[in-house]
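Along the sequence shown, residues carry numbers from 1.
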Amino acid sequence: ARGGSKAKKRKIDSSGVVLPPGFLDPLPPMEVIPICQVPPMNSDTDHQTSLVVKSGCKQFWKAGDYEIPSSDDLSSSAYGGLDHVRVHPKFLHSNATSHKWALGAFAELLDNSVDEISHGATYVNVDMQINKKDGSKMLLVQDNGAGMSPDTMRHCMSFGYSAKSKMANTIGQYGNGFKTSTMRLGADVIVFSRCLGKDGKRLTQSIGMLSYTFLKSTGKDDIVVPILDYEKGGQNWNGIMRSSVGNWTKNLETIVQWSPYSSEHDLLQQFNLMEDQGTRVLIYNLWEDDQGELELDFDTDLHDIQIRGANRDNTKIEMANTYPNSRHFLTYRHSLRSYTSILYLRLPRDFRIILRGKDVEHHNIVNDLMLITARTYRPVSADGLPSNMAADITMGFVKDAKSHIDIQGFNVYHKNRLIKPFWRVWHAAGSDGRGVIGVLEANFVEPAHDKQGFENTPVLQRLEKRLMKIQQEYWNEQCQEIGYAPRRKKGQNTNKHAESEDKDNSSDSSSGKRPSKTMKLDTLHGKRPVSLSNAMKNNDKHVSKGQSDKNNDKPVSKGLSDIRNKSIDRYPTNLQSKGMEECYSQSLRNEREKSKMMGNHSNIHGSNSDLNTLPVENNDLKEKLKKMEESYSLNLQSEKDRCKTLEATLKEKEKQIEELDKETEKLIDIFSEERSRRDDEEQNLRKKLEEASIVIQELVNKVTMLENMNSSCCKQEK
């Protein structure tokens, strides 16, 4: 009975309010599953995974071929009953295969640092580090930009999130570059980032690890990213517990086991190598080639990072020493220093790209050119109208072009970033096009996700055709300046046109037109109307076919003598007693005088006939003019109607756009109001929760006090 009275007392507080059963029981911990939650691992598992890492594949293109044990645990209780779409670790590898070229992955990391120029970044440092655990080489990329807050760090480790897509002057836009680039260069990456916060008062630092080795070796079927956050309080850094101390400890243990650092102290020491803000990225377990050597070559040049394999051509390296103005074309495929120097069209003077302890000198390809010309290309939009955007094309011959080396192409930039290095648009069969290099910034073409090319759209195809035409025109005009044979221009075909016109004139005589003066002269002599010039042409054709004299010594001279003899036979024999040249010249003078006389005689008859035909021709011309005026008036009216229709359509579209803008503004206002209302409601709920927690704690204290009082009373009664 005494126990029953005690239980009854627990349900009644001092004010006499009856509490429901279980109300005073301890509350269970909140189930918050952060991105950094990692399951615990025992020593046996650790031993097995270390063996897997040593025997795992270290070649990038084969790293995705592995199997994991199937898991039937697909419960969604940890996610509040919601279905959870898992991202398999193999996706990290398949996603990174978009970078066929390793230096393209470096460019993605450099882009992130260059985007931080607007937040005060003054340098990016790329270097090689040594992993103290196993002595292997690691890749370091560090800048002094704004850094990442704890939330931004999680966005960075997520897929497809990018705050830069809404910013005009940033390169990143897809939210995928960091993952693809780091996983292309190595199996694992650890990121250290320090941020001052929006107001500069909340100093935080975060450590995140994306480890393909960890996920693959532990048989994970979902991407797990352990992250540690710290906040500065006074002079000390305190860990930020986003869920529970247990989860934070698991994250720390996982990072220490699978990273190059052996303790939390070693991890925090990395922040001592940074400034007040910035990001430090370390890529380790770098990929190897088929020969078991690192894909990245750190030894050939101590101030450069090069790649081995098909991109490295020793012949081109030797040519680069011989032709210094063509060095970037010959070496950018295997040298990070060469590629980085032309990666950006413009760079601020106070921003440094440091590669292995030495600054990379920014290089403008235009400085390597001669005979420079400038063109402007305006793209055409999808509806066939000219676009407001334009591309200024600068092109010329590389200064080594006189050596006739096969170098050509266009460096096409997009938002200051090189997308298509030395794009070859003209594939001529011979030597045409050699030595021509161009530079342009095409912001109207959409780059691909790996930023090593453009999306194959009609806009890109039109640009390619136009660049090819511009290169062809430039080559045909300037190729003789570098030692090639001059190419025939369209204006050089006038002789052919003249010959065709002569043929047309010769055919006019048979169609009833007025005969020429030469034809009249020959008719008076009773001979076939053949002029002296036509005779010379016929004789040249006869000689060109190889029909010369038997000795075949001077066929041209013999042809001229035949013409002269024929012309002399047509005149009196007393001319033959003179010298050959005098007879020939005298015959020409006689022919000219007679032609003038006959021409005057024929002009009289011709003028009478022309006067009779003038009224008829005048009437015909008037009728034709009327018809043309009628057709032009009809066309003009139709064009006016079309313009009116287009203006009406344009006004309608403008009204629709205005209405859409108004609707958009209304929706924005509604969303902002809804968001503010939800924020207020959330704040009120938080306050109520805090008040309820205080009330619960007070009730618990009262219950405890009552229990103590009851126990003391029981002792006194005994």
Side-chain angles (χ1 to χ4, degrees), residues 101 103-104 107 110-111 114 168-171 173 325-330 332-333 338-348 362-382 385-401 406-428 432-448 450-479 482:
W101 182 38
L103 296 188
L110 293 174
D111 290 343
V114 170
N169 298 321
T170 55
I171 302 169
Q173 55 181 326
N325 294 297
S326 306
R327 176 171 54 88
H328 292 86
F329 178 90
L330 297 168
Y332 83 94
R333 291 294 302 176
S338 176
Y339 177 54
T340 305
S341 65
I342 61 174
L343 183 59
Y344 303 102
L345 189 60
R346 299 169 298 274
L347 270 182
H362 178 257
H363 184 77
N364 192 342
I365 292 295
V366 177
N367 297 331
D368 296 333
L369 305 181
M370 61 181 182
L371 302 174
I372 297 175
T373 184
R375 305 286 182 89
T376 300
Y377 171 74
R378 293 189 180 276
V380 179
S381 60
L385 299 176
S387 174
N388 294 328
M389 306 183 70
D392 294 328
I393 305 170
T394 304
M395 61 185 301
F397 281 113
V398 69
K399 294 177 181 178
D400 300 321
D406 190 9
I407 291 177
Q408 61 174 300
F410 288 86
N411 273 9
V412 186
Y413 291 81
H414 180 271
K415 291 185 178 179
N416 195 42
R417 159 76 141 79
L418 180 61
I419 303 297
K420 291 280 284 187
F422 301 102
W423 183 23
R424 187 163 184 165
V425 297
W426 186 16
H427 300 275
D432 288 8
R434 287 188 177 183
V436 180
I437 299 294
V439 178
L440 69 148
E441 186 175 17
N443 294 334
F444 50 84
V445 189
E446 194 69 21
D450 61 351
K451 297 188 182 71
Q452 295 302 310
F454 293 102
E455 296 291 345
N456 190 13
T457 60
V459 178
L460 178 66
Q461 295 170 5
R462 285 193 290 268
L463 174 63
E464 182 178 6
K465 291 179 181 179
R466 183 56 182 163
L467 290 178
M468 183 177 67
K469 185 178 180 181
I470 291 174
Q471 184 179 359
Q472 290 173 347
E473 292 174 352
Y474 178 82
W475 169 264
N476 292 332
E477 293 173 359
Q478 303 287 345
C479 64
I482 60 171

**Q** Rounded at 0.5 Å granularity, tell me how far CG in N476 sits from CD in Q471.
**A**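 The CD atom of Q471 is 10.5 Å from CG of N476, to the nearest 0.5 Å.
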
**Q** Does the plane of the ring in W101 sit parallel, tilted or perpendicular to the ring in Y332? Use 30° and 60° as the thresholds.
**A**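 W101 and Y332: perpendicular rings.
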
**Q** Just to verify, what does S326 make a side-chain hydrogen bond (donor to acceptor under 3.5 Å, both in side chains) with, not counting sequence neighbours?
**A**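 S326 satisfies side-chain hydrogen bond (donor to acceptor under 3.5 Å, both in side chains) with D400 once adjacent residues are dropped.
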
**Q** Could you work out, with salt bridge (charged side-chain N to carboxylate O under 4.0 Å, His left out) as the rule, every residue matching D432, not counting sequence neighbours?
**A**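 Result, salt bridge (charged side-chain N to carboxylate O under 4.0 Å, His left out) vs D432: R487.
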
**Q** Taking ring-ring contact (aromatic ring centres under 6.0 Å, His included) as the test, write out the residues that go with F454, two or more places apart.
**A**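 Testing F454 for ring-ring contact (aromatic ring centres under 6.0 Å, His included), a comparison that skips the adjacent residues, returns none.
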
**Q** Please enumerate all residues that pass side chain to side chain contact (heavy atoms under 4.5 Å, CB included) together with A442, with sequence neighbours excluded.
**A**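 Partners of A442 under the side chain to side chain contact (heavy atoms under 4.5 Å, CB included) test: V412, L440, F444, V445, L463.
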
**Q** Quick one: OH on Y377 to CG on D392, what's the gap to the nearest 0.5 Å?
**A**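 If we round to the nearest 0.5 Å, Y377:OH and D392:CG are 13.5 Å apart.
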
**Q** I'd like to know if the side chain of N411 and the backbone of F422 have a donor-acceptor N/O pair within less than 3.5 Å.
**A**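 Yes.
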
**Q** List the residues meeting side chain to side chain contact (heavy atoms under 4.5 Å, CB included) with P458, not counting sequence neighbours, and say none if there are none.
**A**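 Only R462 meet the side chain to side chain contact (heavy atoms under 4.5 Å, CB included) criterion with P458.
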
**Q** Identify, with sequence neighbours excluded, every residue that meets ring-ring contact (aromatic ring centres under 6.0 Å, His included) alongside H362.
**A**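 Here no residue qualifies.
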
**Q** Can you list, pair by pair, the side-chain donor-acceptor contacts under 3.5 Å of residues 364-371, counting residues two or more places apart and other chains?
**A**
{"from": "N364", "atom 1": "OD1", "to": "V366", "atom 2": "N", "distance (Å)": "3.2"}
{"from": "D368", "atom 1": "OD1", "to": "H363", "atom 2": "NE2", "distance (Å)": "3.4"}
{"from": "D368", "atom 1": "OD2", "to": "H363", "atom 2": "NE2", "distance (Å)": "2.7"}

**Q** Using the salt bridge (charged side-chain N to carboxylate O under 4.0 Å, His left out) criterion, which residues pair with E441? Sequence neighbours excluded.
**A**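 Only R346 meet the salt bridge (charged side-chain N to carboxylate O under 4.0 Å, His left out) criterion with E441.
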
**Q** Hey, does D111 have a side-chain heavy atom less than 4.5 Å from the side chain of Y344?
**A**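 Contact flag for Y344/D111 side chains = yes.
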
**Q** Ring centroid separation for W426 and Y474, is it under 6.0 angstrom?
**A**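 Centroid distance W426-Y474: not below 6.0 Å, so no.
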
**Q** By ring-ring contact (aromatic ring centres under 6.0 Å, His included), which residues pair with F410, not counting sequence neighbours?
**A**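 Applying ring-ring contact (aromatic ring centres under 6.0 Å, His included) to F410 gives none.
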
**Q** If the condition is side-chain hydrogen bond (donor to acceptor under 3.5 Å, both in side chains), which residues does R466 pass it with, not counting sequence neighbours?
**A**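 Scan of R466 (side-chain hydrogen bond (donor to acceptor under 3.5 Å, both in side chains), adjacent residues dropped) gives none.
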
**Q** May I ask you to test the F329-V398 pair for a side-chain heavy-atom distance under 4.5 Å?
**A**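 Not in contact.
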
**Q** Checking E473 against R375 for the side chain to side chain contact (heavy atoms under 4.5 Å, CB included) test, could you report, in this order, the C-alpha distance in whole Å, the side-chain angles of both residues, the deciding distance, and whether it holds?
**A** CA-CA 12 Å; E473 292 174 352; R375 305 286 182 89; 3.4 Å; yes

**Q** Do Q452 and I419 have side chains that get closer than 4.5 Å, going by heavy atoms?
**A**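 No, their side chains stay 4.5 Å or more apart.
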
**Q** Taking only residues two or more places apart in sequence or in another chain, which ones pass ring-ring contact (aromatic ring centres under 6.0 Å, His included) with Y413?
**A**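 With neighbours one apart ignored, the set is empty.
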
**Q** Please identify each residue that fulfils salt bridge (charged side-chain N to carboxylate O under 4.0 Å, His left out) with R434, with sequence neighbours left out.
**A**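 R434 satisfies salt bridge (charged side-chain N to carboxylate O under 4.0 Å, His left out) with D406 only.
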
